[in-house]
Amino acid sequence: MQNLGIDVLFKGSNMMRLLGGLWVSLRISLIAVFFSVILGVPLGILMSRNSRIIRAITRLYLEIVRIMPQMVLLFIVFFGTTRVFGWNLDAEVASVIVFSFWGCAEMSDLVRGALISIPKHQYESAKALGMNSFAVFFFIILPQTIRRLLPLSINLVTRMIKTTSLVMMIGVVEVLKVGQQIIEANRTSSPNAAFGVYGTVFLLYFIGCWPISMLSKYLEKKWKND
Amino acid sequence: MSKKEEIIRVDHITKRYDENAVLDDFSLSVHEGEVVVIVGPSGCGKSTILRIMNGLEPIQKGEVTYRGEKVDGKLGSITRIREKVGMVFQSYELFPHKTILQNVMLAPLLVQKRDRKEVKEEALQLLARVGLSEKKNAYPRQLSGGQKQRVAIVRALAMHPEVLLFDEVTAALDPEMVREVLDVLLSLAKEGKTMVIVTHEMSFAKAVADRVIFLDGGHLEEEGTASEFFDHPKTERAKQFLHTFTYDKVEREEER
């Protein structure tokens with residue numbers, strides 16, 4: 001056991017601290033997912049309409065999010081705003097802002113894609129049965145959109161959870177940072193701790209993301225032909 | 001024919017996409033119990049007429065009325081009219097996330113707010129009539145094209161429509177499935193249902209039609225009873241069109 005460096009986890013409250021760090025990661029991503037969904041879904045619906053102005057603006061937004069590394073966004077929001085606007089943002093708040101900004105863009109694009117993939121005739125055949133626009137959207141279009149959307153957006157969630165490891169760069173003490181602290185603190189007593197601790201962090205990410213990823217696969221298979 | 005009540009009136013309508021007139025000053029009236037078949041070359045505007053009758057396409061000039069009420073996709077009254085004017089599409093368009101039975105029952109429950117038990121009973125009867133009882137719990141993807149189209153017809157019938165519009169309902173089907181769908185249409189005609197049918201199946205058109213409308217380039221080119229039109233077409237254009245469906249026996253050179 002000594003050689004793998006797992007023993008440090010059982011010293012003091014180390015394991016609890018690590019789990020606490022995992023909770024910070026999950027909390028940031030879950031809050032960001034929440035904002036991404038409530039902002040991204042209406043934005044995606046807007047994008048599926050044929051307005052040139054909306055399309056131009058959202059296009060620009062999407063491209064910025066895609067091109068810019070998340071780390072740079074984090075630095076701009078956390079360090080940049082402090083100097084320029086004098087904002088004193090909490091690091092976790094800054095992380096949530098950046099992750100929501102990113103997630104909202106990705107989510108809206110997924111929603112748009114799912115919506116426009118529903119054939120025009122689905123709307124028409126529902127209308128031809130006397131349904132009003134509300135009924136057409138809620139009973140015919142939305143259920144089909146959700147089926148196409150869910151596997152993809154679940155995928156987005158796991159990507160967001162993974163990417164939270166970046167937020168330690170602006171001083172958020174999340175699971176990876178806690179791991180580093182534990183390794184540093186026990187450098188002399190257990191020099192092999194890096195393997196044990198990082199290995200455990202890997203396992204924690206895996207336990208967090210794998211079920212979500214499996215759910216996505218399952219849903220994708222189940223609804224493939226719909 | 002004019003003794004029966006007029007149900008749908010298409011009054012001098014013009015429909016343009018950009019600059020191209022798809023329909024030009026076209027009129028038609030459909031009376032109760034009548035089967036009107038619209039034929040003509042591809043792109044002549046046949047399907048557009050049906051779509052306009054159901055308020056799915058805006059028009060630039062003229063007016064469509066259903067029992068005297070204006071048919072316009074933008075008016076609130078359109079949903080009430082569409083309840084009475086059933087439409088079946090070329091591509092079936094069943095709802096993929098619902099079972100066959102749910103597909104049939106959805107609109108009567110949701111739109112007409114009818115009693116669930118009664119709707120289910122009727123849906124099952126209708127499915128039995130087109131020979132698809134055992135598919136009631138299947139999903140559309142598990143059905144063949146002909147089966148899907150029969151369900152689409154049942155779905156329209158479940159609304160108790162006064163008129164049924166059929167938009168090239170067999171055009172996407174394999175030849176051996178065409179028959180099973182057209183048989184359903186023929187039996188509906190026998191019952192005296194009012195129908196407007198757009199089709200490329202000429203022998204079917206001849207069998208089912210009370211009146212044939214021949215359309216070319218967005219104009220009404222010729223109109224008459226089935227036997228008038230198919231056996232004694234008056235216009236040159238109609239003769240030409242009908243000729244494309246017949247083939248002369250090939251005579252080989254050496255046999256002459």
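Labels below follow one simple rule: chain letters A, B, ... track the order of the sequence lines, proteins then strands, and each chain is numbered from 1.
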Query raised in the report: Is it true that atom CZ of A:Arg159 has more than 12 heavy atoms of other residues, nucleotides or ligands lying nearer than 6.0 Å?
Result: yes
Query raised in the report: Take atom CG in A:Asn88; do more than 12 heavy atoms of anything else shown fall under 6.0 Å from it?
Result: no
Requested in this report: Please indicate whether A:Tyr61 has more than 12 foreign heavy atoms, meaning atoms of other residues, nucleotides or ligands, lying under 6.0 Å from its OH.
Outcome: yes
Query raised in the report: For B:Val85, is it the side chain, the backbone, both or neither that has a heavy atom under 4.5 Å from a heavy atom of chain A?
Result: backbone
Query raised in the report: Under a 4.5 Å heavy-atom cut-off, does chain A meet the side chain of B:Leu94, its backbone, both or neither?
Result: backbone
Requested in this report: For B:His97 and A:Phe139, indicate whether the former's side chain and the latter's backbone hold a donor-acceptor pair under 3.5 Å.
Outcome: yes
Report task. Look at atom CZ of B:Arg9 and say whether more than 12 heavy atoms of other residues, nucleotides or ligands are closer to it than 6.0 Å. Result -> no
Report task. Taking atom CZ of A:Phe79 as the centre, report whether more than 12 heavy atoms of other residues, nucleotides or ligands fall under 6.0 Å from it. Result -> yes
Query raised in the report: Would the number of heavy atoms belonging to other residues, nucleotides or ligands and lying under 6.0 Å from CD1 of A:Ile207 be above 12?
Result: yes
Requested in this report: Could you check which of B:Leu110, B:Ile81, B:Asn54, B:Ile78 has the highest count of heavy-atom pairs closer than 4.5 Å to chain A?
Outcome: B:Leu110
Report summary line: Filtered by a 4.5 Å non-hydrogen cutoff, the part of residues 92-113 of chain A contacting chain B is none
Requested in this report: For atom CE of A:Met16, decide whether the heavy atoms of other residues, nucleotides or ligands shown that lie under 6.0 angstrom number more than 12.
Outcome: no
**Report entry** chain B neighbours within residues 117-136 of chain A, where any heavy atom lies under 4.5 Å away
**Finding:** A:Lys120, A:His121, A:Gln122, A:Glu124, A:Ser125, A:Ala126, A:Lys127, A:Ala128, A:Leu129, A:Gly130, A:Met131, A:Asn132, A:Ala135
Requested in this report: Could you tell me which portion of B:Lys98 (side chain, backbone, both or neither) has an atom closer than 4.5 angstrom to a non-hydrogen atom of chain A?
Outcome: side chain
**Report entry** Residue B:Lys136 excluded, over 12 heavy atoms near NZ under 6.0 Å
**Finding:** no
Query raised in the report: Relative to chain A, which segment of B:Phe95 carries a heavy atom at a distance below 4.5 Å: side chain, backbone, both, or neither?
Result: both
Query raised in the report: Is chain A contacted by the side chain of B:Arg155, its backbone, both, or neither, given a heavy-atom distance below 4.5 Å?
Result: both
